[in-house]
Amino acid sequence: MSITAPSTAPASEEAKLHDLVAALTVEQKTRLVTGASFWTIAAEPDAGLRTVVMSDGPAGVRGQRWDERDPSLNIPTPIALAATWDEAAVADIAALLAADARRQGVHVLLAPAINLHRSPAGGRNFEYFSEDPVLTGLLTVSFVKSIQSYGVAATLKHFVGNDSETDRFVVDAQIDERTLREVYLAPFEEGVAAGAWAVMAAYNLVNGQPMTEHPMLNAVLRDEWQFDGIVVSDWYAVRSVVESGSAGLDLAMPGPESPWSRNAALTNAVYRGDVAESELDEKVLRILRLASRVGQIDGAAPSREVVDLAAAPAILRRVAADGMTLLHNTGPKGTSTPILPLDTARIGSIAIVGPAATPGRTLGGGSATVYPEYLISPLEGIREAVDTEVDVHHARGLRFGTRHPLAEWSEFRADDDNPGLGIRFLRSDGSVAGEETRRNALFKWLGAFQPGVERAEIATIEVGGRFVPSETGPYLIGCSGMGEFKVLIDGMERLATTLALPDSTDPIEGLIRPPQGMVAVDLVAGQETEVIISHRVDHSALTSKVEVNVAPPSATEDAEIDKAVQLAAESDIAIVVVGTDAEIETESMDRASLSLPGRQDELVRRVAAVNPRTIVVINAGAPVLTPWAADVAAVLVSWFPGQEFGNSLADVLLGQREPGGRLPLSWPASWGEHQPSTLPVEGALHYSEGLLVGYRDPARQPETQFPFGFGLGYTSWDVVDGPTIVRASGGGWYVSMVVRNTGTRAGKYVAQVYASAPESAVERPARWLAGVRAVEVPAAGHARITISIPERRLQHWDAEKQAFILEDTSFRLSVATDAWDEGITVHVS
Ligand code: BGC
């Protein structure tokens with residue numbers, strides 16, 4: 001194979017990189033193609049290469065240390081970003097990510113995640129943009145161009161077919177060629193064309209071949225799309241030496257131990273000729289090219305100055321509100337004026353109830369987790385916004401979740417008497433190698449424990465402190481993690497256990513949702529009890545995790561619900577904040593149900609029965625079933641909106657800002673038979689719906705409550721001119737129209753252009769999204785909207801010709817407000 005010439009770098013820079021590769025030994029080269037650590041690519045002084053740092057990911061830049069001591073910006077999660085349907089909003093957020101990456105010394109961000117919402121039950125839907133390849137592609141391009149303009153690499157992941165999580169390491173996604181090309185590869189193709197510097201090869205197989213050794217890496221990515229960046233494996237996804245080494249995979253992560261580095265396997269394969277040295281050279285060249293792009297090689301051009309992070313709160317607040325999606329807005333039964341936005345002048349009291357009212361979820365679970373510096377809960381945000389004008393009352397109503405909750409660090413005192421938990425790293429002779437006090441109850445270590453405290457020298461970790469209970473009664477106290485644990489209460493060993501998961505479990509699950517061990521302890525409010533969790537370090541693992549769990553002797557759920565309902569009955573307005581959590585929406589598993597967990601449906605119904613002015617806020621990263629929607633006054637989806645949650649929510653509820661969201665996926669009415677399953681059958685997941693993903697499948701309409709693209713605002717619109725269509729000089733078309741905001745508030749118009757080809761000789765969806773444009777228009781203002789429709793959006797993949805072609809048939813384009821809206825149609829000539 002010849003070494004590719006990149007399209008972007010100047011020839012002299014490329015020639016220099018070639019020379020650097022040529023000067024390295026095979027050993028030096030193979031050292032670069034496995035990570036130096038969990039997150040880094042090794043430095044190579046002979047090539048002037050400095051360490052390149054990678055970091056997750058889609059909800060914020062995590063940084064190398066994954067805990068509360070290094071807080072990160074927590075942006076609206078990708079589904080919330082996608083709900084804005086706004087490329088400019090995504091570019092603004094990507095610019096913030098670049099600044100936060102630079103602040104944390106991160107060069108490569110492991111985002112955007114651009115698999116599709118093939119099923120509403122996909123466990124990682126919150127991390128992906130949409131069910132639609134065109135909307136996903138548009139936002140991907142905007143993300144990639146923005147973040148990379150500041151010299152921080154974007155990574156398109158997970159290439160490809162990782163659209164659900166069940167058995168993700170071994171599942172074989174069976175996808176026909178046309179569907180692959182037109183649906184699942186399409187956003188990757190757009191991202192590569194936009195110049196992405198990295199692509200992540202997924203865990204799963206596609207049509208029988210693992211993605212880390214798939215022929216598409218060479219044939220499609222490198223040869224056809226001329227991708228000149230690196231292909232990095234998903235973490236632990238490499239499972240071979242020769243096959244993956246020859247397939248176009250450039251970097252095995254994490255390191256330093258990988259199938260390529262173990263026993264110098266790749267070096268030996270190169271010496272034996274099983275992997276061509278030219279292929280190794282290509283990998284190293286790509287790594288050096290990446291390093292040059294992110295400024296980590298001597299002589300690399302300095303990158304553009306990043307945006308000032310002082311602007312972050314305002315941007316996060318605006319974009320989260322722009323993604324909030326209003327599904328239903330009526331008055332109390334029998335009245336016609338929509339309840340939202342709320343008019344505080346006419347409200348004396350608000351009850352805010354529901355399990356997500358405080359603190360609320362800002363992000364889903366898994367590797368995308370970040371620790372924000374602060375989080376504004378719905379309760380805080382609304383309280384602050386209404387100031388003293390309105391009485392705000394709160395009751396949780398209920399908790400849900402099957403896991404024992406994380407301890408509240410503020411209820412502990414460490415040895416130094418500060419609030420928090422103490423940690424001691426002990427050698428095998430019992431001597432203390434390091435100590436710290438942390439404002440957290442969840443600790444994970446990927447590599448060294450502290451600067452200067454290496455894993456190898458530590459035998460045991462002790463975590464704990466003096467717990468000050470706030471209630472009297474039977475508490476459950478214990479820990480979560482993998483391996484050997486002891487729970488000591490007031491110096492007495494109350495539990496000694498080995499926590500493990502079945503062998504077949506996803507290896508990441510031990511970090512995300514480890515098993516728990518608890519003991520019952522009777523406590524008296526205010527009386528301190530010493531709690532110590534002791535964990536023996538497993539030296540065969542790269543990571544350790546200790547979570548301290550405390551379950552209080554809480555009131556019965558019936559009593560909590562009664563209290564919330566009563567508060568709602570006594571208040572003018574009831575806001576019920578319901579949702580899911582990181583246990584339900586997370587990497588490594590799909591959802592088993594689309595219903596709200598626990599008794600939340602019951603809570604909504606009971607509140608609605610006593611207060612006709614009930615507003616339900618859905619704080620989830622993907623759809624939930626809303627069988628009560630018609631019985632409440634309003635339903636607003638906040639998604640997982642990032643750290644400014646409460647402020648954005650208050651802005652929307654009180655009308656400071658319009659809810660700008662449109663559904664990036666069809667919102668199901670039920671778990672219907674036409675929704676694709678995420679459960680493999682005999683190891684294979686058949687994408688048998690083919691091109692008919694989401695709204696493109698008419699059979700799913702009866703199972704859909706709100707269509708793709710749907711979302712209400714606070715104003716009204718007229719199309720006063722057009723739409724008209726003109727041929728673009730460089731190919732494709734422009735659809736153009738003038739809209740008028742006929743209301744009294746500023747608002748956002750999202751023009752959605754759907755294509756159809758009723759006489760087509762090839763199978764096609766009845767209609768499919770072909771272009772989008774979102775504009776903000778002041779009250780009583782006009783805007784001309786021009787939507788670009790590249791030719792590709794009407795083409796189909798011809799397997800015989802192995803190319804996209806434009807069929808000779810008549811196409812129609814309809815400008816509509818959602819996938820079910822007929823809209824106004826123009827004919828393409
Ligand atoms: C996830 C990736 C992530 C990687 C590193 C994997 O388990 O699938 O999305 O980037 O871990 O944290």
Side-chain angles (χ1 to χ4, degrees), residues 34-41 52-67 72 77-79 97 101 104 106-116 122-129 140 143 152-171 173 188 191 196-205 210-212 230-239 249 251-255 258 363-371 444-447 505-514 541-543 545 582 585-590 621:
T34 282
S37 69
F38 219 84
W39 302 118
T40 57
I41 303 176
V52 174
V53 177
M54 316 180 106
S55 170
D56 287 298
V61 184
R62 185 167 76 197
Q64 290 192 80
R65 193 159 70 166
W66 194 10
D67 61 48
S72 314
T77 43
I79 197 168
L97 291 173
Q104 298 184 65
V106 167
H107 310 109
V108 179
L109 189 71
L110 302 174
I114 57 172
N115 300 99
L116 299 186
R124 271 181 112 167
N125 282 355
F126 66 91
E127 249 185 282
Y128 302 146
F129 285 134
T140 299
F143 187 106
V152 175
T155 308
L156 309 176
K157 73 186 189 181
H158 309 86
F159 187 76
V160 60
N162 184 187
D163 307 285
S164 48
E165 291 292 283
T166 308
D167 298 339
R168 65 180 174 156
F169 276 79
V170 291
V171 67
F188 288 93
W197 295 339
V199 167
M200 183 186 286
Y203 291 122
N204 53 282
L205 293 73
M211 280 315 304
T212 45
I230 65 158
V231 179
V232 53
S233 73
D234 200 342
W235 268 231
Y236 301 108
V238 177
R239 52 201 89 177
L249 183 76
L251 177 65
M253 288 301 286
S258 85
L363 76 186
S367 57
T369 306
V370 292
Y371 294 86
K444 30 190 172 351
W445 296 275
L446 314 172
T505 316
D506 183 329
I508 304 292
E509 190 145 341
L511 274 180
I512 295 176
R513 222 177 16 260
L542 275 175
T543 61
K545 174 168 184 171
E585 291 195 64
T586 181
E587 185 174 331
S588 90
M589 60 177 238
D590 294 311

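Both ligands and their constituent atoms are indexed starting at 1 by order of listing. Side chains are part of it too, since the values below use all heavy atoms of this structure and drop only hydrogens, waters and symmetry mates. Sequence positions, counted from 1, serve as the residue numbers for this chain.
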**Request:** Could you tell me whether the side chain of Asp56 reaches within less than 4.5 Å of the side chain of Trp235, counting heavy atoms only?
**Result:**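 SC-SC contact between Trp235 and Asp56 ruled out.
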**Residue pair Phe159 / Val231, side-chain heavy-atom distance below 4.5 Å** =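 No, every pair of side-chain atoms sits at 4.5 Å or beyond.
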Might you point out which heavy atoms bring [X] and [Y] nearest each other, and give the distance in Å?
X	Y	result
Ala368	Pro58	CB-CD, 4.0 Å
Leu116	Asp163	N-OD1, 2.9 Å
Val238	Ser233	CG2-CB, 3.5 Å

**Item:** Residues in the immediate environment of ligand 1 (any heavy atom closer than 4.0 angstrom)
**Value:**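 Correct list: Trp39, Asp56, Arg62, Leu110, Arg124, Lys157, His158, Arg168, Met200, Tyr203, Asp234, Trp235, Ser367, Ile508, Glu587.
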**Prompt:** In a check of side-chain contact (heavy atoms from CB on, under 4.5 Å) between Met54 and each of Met200, Met253, His107, which one passes?
**Reply:**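 The side-chain contact (heavy atoms from CB on, under 4.5 Å) with Met54 is passed solely by Met253 among Met200, Met253, His107.
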